[in-house]
Amino acid sequence: MLALRAYEAAAKERLPRPVWDFFAGGSGTESMLTAGREALDRIRLRPRCLVDVSHCDPRTELLGADLAAPLGIAPMAYHQLAHPEGEVATARAAGEAGALFTVSMFASRTLEDIAAAATGPLWLQLYWLKRRDLLVDLIHRADAAGFRALVLTVDAPRVAFRPRDAANGFAVPPGIRAVNVAHDVMAASHSGRDGESAIARHSKEQFDASITWEDLAWLREVTSLPVVLKGVLTGEDAELAVKHGVSGLVVSNHGGRQLDFCRSAPDALAEIVDAVAGRCAVVLDGGIRHGADIAKALCLGADAVMVGRPALWGLAHSGAEGVADVLRLLTGEFEEVMALMGAPTVAGFERSGVVLPGCAHA
C-alpha cells in the first residue's frame, strides 16, 4: 500500500457494514468528520532553502518516552472488531514503529496481554465511570503493567447521537467485550435495539456526567502517573488544565463523534499552545492523514500527533503488519517533508513554517 486511502478502501471492503459504520461514522449531521481534514488542508507550509538536510532525524521525546517520530495511536475501543488479535497486534506494531500507543479502557484484550506484546510506550485512556473503584483498579493495573500515563477523555460526559449506529442498532457482538471492565458494567453495550446505539445507552448508564475540574484532585491522589486530558478545544480550558496540574493535553474533537458543529482540533491547536505556553505537553488528534500534517502540527506548537482510524484500517487489512505499515508510511512522508522544509530535526519546526488561512505569513 502506497497511501493511507488504500488501507481505508481495503478495510471498508473487509469489515461488516455495522462495524465499518461504527468506526467511520460521526455524530449528528456528521459535519465534523471532514472538518479536521479541511482545516489541515487550509494550512500551507513555508519551506526554507540551503539547509543541510543530508540527515533528517524525526526522533522526539514525549512525557519522558522516546519516540521514533512525533506520532502515536489514539485510543479506540474494541480492536478485535477489526482483527482477532486486537490491541495485542496494535501494540506490537506500535513498538516496531517506535510509536506511542494509547490503549482504550474499553480494549478487547487485557492490559497485561497488551503490555506483554508492547516494546514501545503505552498510555491508558479512561472515561470517568460512576464506579470509581473500577477506575482505581484499572489505574493500579496499568501502573503495574508499565503504562506511562493516564489519558482522561473530557469531551464525552455521554456518547453523542451517532446516526449510523442508531440505524444499525449497533451493539458489541458476542465474543468481543471490554475485558478490563466488570462484565455487569458493560452489559448495556451488548444489548442491541432497533433504532438505538447500545454504545450510547451504555454511556448514559455508566459515565459520570457530574465531574468537574475539582475531581481531578482525586485522580491525582490515586496515582503517581502523569495525567493527560483529551478533548480540550479552548484556551480557557487549557489554562484551567495547567492550573489543575495536568501533564499534557490532547487537542481532539473525538474523530467527529461528539459535539457536532464544533471547531476542529487543528483549528483550536494554536490557541491552546499559546494558552499553556510550554507548561505541559500538547498533542494533536484530528484528521492526520499525511506526513505533512505532522509538520503542520509541529509548526503550530504541538509536541506530537495521534492517528485513530488509519491504525484500524491497517489492523483490518493485515493485523500488526498493516498497523506498522500505516505508521511507517506516515513517518516516511514526514521525513521527506523535513528534508523539503529545511528542518532536519523536530525542533526545526516553528510557527513561521506555516501560513494560516487569511494570512500572508504565520
Side-chain angles (χ1 to χ4, degrees), residues 22-23 25-27 32 36 63 72-79 87 100-108 111 122-132 134-136 138-139 142 147-162 165 178 180-181 185-186 189 197 199-200 202-213 215-216 218-220 222-223 225-234 237-238 240-241 244 246-260 262-265 268 272 280-286 304-309 311-312:
F22 174 62
F23 287 155
S27 62
M32 296 306 299
L63 294 187
I73 297 175
M76 297 168 290
Y78 304 112
H79 286 208
E87 290 82 2
L100 168 70
F101 177 27
T102 304
V103 178
S104 168
M105 72 179 295
F106 298 141
S108 48
L111 300 184
L122 298 173
W123 292 357
L124 175 66
Q125 176 269 344
L126 300 171
Y127 291 103
W128 201 298
L129 301 178
K130 294 176 182 177
R131 290 271 307 274
R132 291 197 180 191
L134 297 181
L135 290 179
V136 172
L138 274 172
I139 291 167
F147 284 67
R148 301 191 183 193
L150 302 176
V151 180
L152 177 65
T153 297
V154 293
D155 63 354
R158 69 185 201 185
V159 167
F161 175 72
R162 300 171 186 170
D165 290 347
N180 296 293
V181 183
V185 172
M186 300 304 303
S189 62
S197 162
I199 302 298
H202 168 262
S203 75
K204 290 179 183 178
E205 289 182 8
Q206 301 296 338
F207 289 10
D208 186 349
S210 72
I211 63 167
T212 69
W213 290 102
D215 290 290
L216 293 180
W218 175 85
L219 183 60
R220 295 179 65 211
V222 300
T223 182
L225 292 173
V227 174
V228 177
L229 302 187
K230 178 178 180 287
V232 172
L233 288 174
T234 66
D237 282 344
L240 283 168
H244 285 83
V246 306
S247 297
L249 298 174
V250 180
V251 185
S252 169
N253 53 260
H254 214 107
R257 296 157 70 82
Q258 281 301 106
L259 180 62
D260 202 6
C262 72
R263 69 193 311 201
S264 74
I272 290 170
C280 72
V282 178
V283 178
L284 175 66
D285 166 36
V305 305
M306 287 182 178
V307 294
R309 292 179 178 97
L312 292 178

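No hydrogens, no waters, no symmetry mates; every other heavy atom, side chains included, goes into these values.
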Should P75 and M306 count as side-chain neighbours, where that means a heavy-atom distance under 4.5 Å?
yes

Please test D237 against L229 for side chain to side chain contact (heavy atoms under 4.5 Å, CB included), starting from the C-alpha separation and ending with a verdict.
CA-CA 10 Å; D237 282 344; L229 302 187; over 6 Å; no

At their closest point, which heavy atom of T212 faces which heavy atom of D215, and how far apart are they?
N-OD2, 2.7 Å

Student check: side-chain heavy atoms of V232 and V154 closer than 4.5 Å:
yes

Note, D155 side chain near N253 side chain (heavy atom, < 4.5 Å):
no

Report yes if the side chains of D260 and M32 come closer than 4.5 Å at any heavy-atom pair, otherwise no.
yes

I want to check something: taking the side chain as every heavy atom from C-beta on, are V136 and W218 in contact at a cut-off of under 4.5 Å?
yes

At what distance, to the nearest 0.5 angstrom, does CZ of R158 lie from CD of E205?
13.0 Å

Closest heavy-atom contact between L124 and L138?
CD2-O, 3.9 Å

Taking atom CZ of F161 and atom OG of S197, what is their separation to the nearest 0.5 Å?
9.0 Å

Closest non-hydrogen atom pair, L111 against A142
CD1-N, 4.0 Å

Using atom types as modelled and distance alone, determine if a side-chain donor or acceptor of K230 lies under 3.5 Å from a backbone N or O of H254.
no

Is any side-chain heavy atom of V251 closer than 4.5 Å to a side-chain heavy atom of L233?
yes

May I ask you to test the V250-Q125 pair for a side-chain heavy-atom distance under 4.5 Å?
no

I'd like to know whether CZ of R220 has more than 12 heavy-atom contacts from other residues, nucleotides or ligands below 6.0 angstrom.
no

What distance separates L152 CG from L135 CG, expressed to the nearest 0.5 Å?
8.5 Å

Heavy-atom closest contact (I73 atom, A311 atom, distance):
CG2-CB, 3.9 Å

Any donor and acceptor pair, going by atom type alone, linking the side chain of Q206 with main-chain N or O of L129 inside 3.5 Å?
no

What is the distance from atom CD1 of I139 to atom CG of L150, rounded to the nearest 0.5 Å?
5.0 Å

Over 60° means perpendicular and under 30° means parallel, so classify the ring planes of F207 and F106, tilted if in between.
parallel

What is the minimum heavy-atom distance between S247 and C280, and which atoms define it?
O-CB, 3.4 Å

When you compare the side chain of L100 with that of R148, does any pair of heavy atoms fall below 4.5 Å?
no

Working to the nearest 0.5 angstrom, can you tell me the gap between L284 CG and L249 CG?
12.0 Å

For the backbone of G25 and the side chain of R257, can you confirm whether one donor and one acceptor N or O come within less than 3.5 Å of each other?
yes

Taking every heavy atom of Y127 against every heavy atom of M105, the minimum-distance pair comes out as N-SD, 3.0 Å

Between CH2 on residue W128 and CG on residue L216, distance to nearest 0.5 Å:
6.0 Å

Intermediate values then yes/no, side chain to side chain donor-acceptor pair (under 3.5 Å), R162 and Q258
CA-CA 8 Å; R162 300 171 186 170; Q258 281 301 106; 3.1 Å; yes

